[in-house]
Asks: 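So that we are looking at the same thing, I have put the structure below in structure tokens.
What you are looking at is a predicted structure, and each value in this text was computed from that prediction instead of being measured.
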Amino acid sequence: MLAILCACSAPAPLPGSAGPAEAVQDLAAALQKGDANTAWILLSTRTQQAADAAAARTRSFAGDAGPESGRAMLFASAIPGRAAEAHVVSESGDSAEVRTAGDGGGRVFRVVREAGRWRVDLDLPR
């Protein structure tokens with residue numbers, strides 16, 4: 001009986017449930033693995049809507065030859081990166097700024113909490 005209990009492990013936490021720095025790290029890991037579904041889940045609703053709108057604009061200009069969705073547009077040709085080290089620079093309520101380590105001092109990401117999970121909020125070109 002004890003062996004059965006020990007063999008069961010707790011399920012992995014949902015992407016973005018641990019904290020803002022972990023959401024950025026999880027996004028980088030998903031991109032590194034080519035996991036577009038997890039990467040998409042880790043983007044804020046605002047970013048997803050902006051990506052879908054940009055994909056629709058591209059299709060209208062290209063005669064429906066463009067990407068079918070924002071997810072396809074953002075991740076179809078994503079170049080896998082490397083694992084990201086990230087730390088919270090500031091956090092207030094449901095928003096945070098997270099800095100990644102890297103060449104040139106890294107990058108700062110805005111991260112927002114939506115429905116209890118942290119998601120990366122990107123500024124996409126309009």
Side-chain angles (χ1 to χ4, degrees):
M1 179 74 160
L2 182 59
I4 294 173
L5 292 175
C6 292
C8 297
S9 62
L14 294 173
S17 61
E22 291 81 2
V24 172
Q25 290 172 327
D26 289 348
L27 177 62
L31 291 172
Q32 187 177 24
K33 291 186 252 180
D35 183 354
N37 290 330
T38 298
W40 184 254
I41 289 168
L42 286 161
L43 295 179
S44 69
T45 301
R46 185 184 75 84
T47 300
Q48 291 174 354
Q49 290 170 345
D52 284 337
R57 283 191 306 276
T58 300
R59 279 193 314 279
S60 71
F61 289 126
D64 288 333
E68 62 189 49
S69 67
R71 181 187 319 208
M73 181 185 72
L74 290 177
F75 304 124
S77 62
I79 299 170
R82 54 188 163 98
E85 290 183 35
H87 68 276
V88 176
V89 175
S90 66
E91 184 176 343
S92 177
D94 290 336
S95 66
E97 287 187 344
V98 174
R99 178 177 295 281
T100 58
D103 298 336
R107 179 174 171 191
V108 175
F109 290 90
R110 184 175 52 249
V111 186
V112 296
R113 187 175 12 225
E114 297 177 343
R117 291 172 44 198
W118 290 97
R119 298 172 186 212
V120 180
D121 192 46
L122 302 175
D123 288 322
L124 300 177
R126 295 187 179 247

Asks: CD of Gln25 to CD of Glu85: how many Å apart, nearest 0.5 Å?
Replies: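 Rounded to the nearest 0.5 Å, the CD-CD separation comes to 8.0 Å.
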Asks: Taking only residues two or more places apart in sequence, or in another chain, which ones meet Ser17 in a side chain to side chain donor-acceptor pair (under 3.5 Å)?
Replies: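 For Ser17, no residue satisfies side chain to side chain donor-acceptor pair (under 3.5 Å) once neighbours in sequence are set aside.
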Asks: Could you list the residues that satisfy side chain to side chain donor-acceptor pair (under 3.5 Å) with Ser69, not counting sequence neighbours?
Replies: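 Side chain to side chain donor-acceptor pair (under 3.5 Å) list for Ser69, sorted by chain: empty.
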Asks: Applying side chain to side chain donor-acceptor pair (under 3.5 Å), can you list everything that pairs with Glu114, at least two apart in sequence or on another chain?
Replies: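 Here the qualifying residues are Thr45.
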Asks: Could you report the tightest heavy-atom contact between Leu42 and Leu27, atom names first, then the distance?
Replies: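 It is CD1-N, 3.5 Å.
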Asks: For Leu124 versus Ala51, what's the shortest heavy-atom pair and its separation?
Replies: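 Smallest interatomic distance, heavy atoms only, reads CD1-N, 3.6 Å.
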Asks: Mind checking what makes side chain to side chain contact (heavy atoms under 4.5 Å, CB included) contact with Asn37, not counting sequence neighbours?
Replies: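 Asn37 satisfies side chain to side chain contact (heavy atoms under 4.5 Å, CB included) with Asp35, Arg71 only.
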Asks: Please report the closest heavy-atom contact between Ser44 and Val112, naming both atoms and the distance.
Replies: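 Looking at all heavy atoms of both residues, the closest pair is CB-CG2, 3.8 Å.
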Asks: Would you find a donor on one side and an acceptor on the other, under 3.5 Å apart, between the side chain of Arg46 and the backbone of Leu122?
Replies: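 A pair under 3.5 Å: yes.
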Asks: Hey, is the main chain of Gly106 close enough, under 3.5 Å, to the side chain of Thr100 for a donor-acceptor pair?
Replies: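 No, the answer is negative, given that no donor and acceptor are paired below the 3.5 Å cut-off.
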Asks: Excluding sequence neighbours, so at least two apart, what forms side chain to side chain contact (heavy atoms under 4.5 Å, CB included) with Ala21?
Replies: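 Ala21 satisfies side chain to side chain contact (heavy atoms under 4.5 Å, CB included) with Ala86, Val88, Val98 once adjacent residues are dropped.
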Asks: Among all residues two or more places apart in sequence or in another chain, which pass the side chain to side chain donor-acceptor pair (under 3.5 Å) test with Arg110?
Replies: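 In terms of side chain to side chain donor-acceptor pair (under 3.5 Å), with neighbours along the sequence ignored, Arg110 is linked to Asp121, Asp123.
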Asks: What is the minimum heavy-atom distance between Gly16 and Asp26, and which atoms define it?
Replies: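 Smallest interatomic distance, heavy atoms only, reads N-OD2, 3.8 Å.
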Asks: How close do Arg117 and Pro15 get, heavy atom to heavy atom, and via which atoms?
Replies: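 In terms of heavy atoms, the two residues are closest at NE-O, 3.0 Å.
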Asks: Of the non-hydrogen atoms in Gln48 and Trp40, which two are nearest, and what is the gap between them?
Replies: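 Smallest heavy-atom distance, with atoms named: NE2-O, 2.6 Å.
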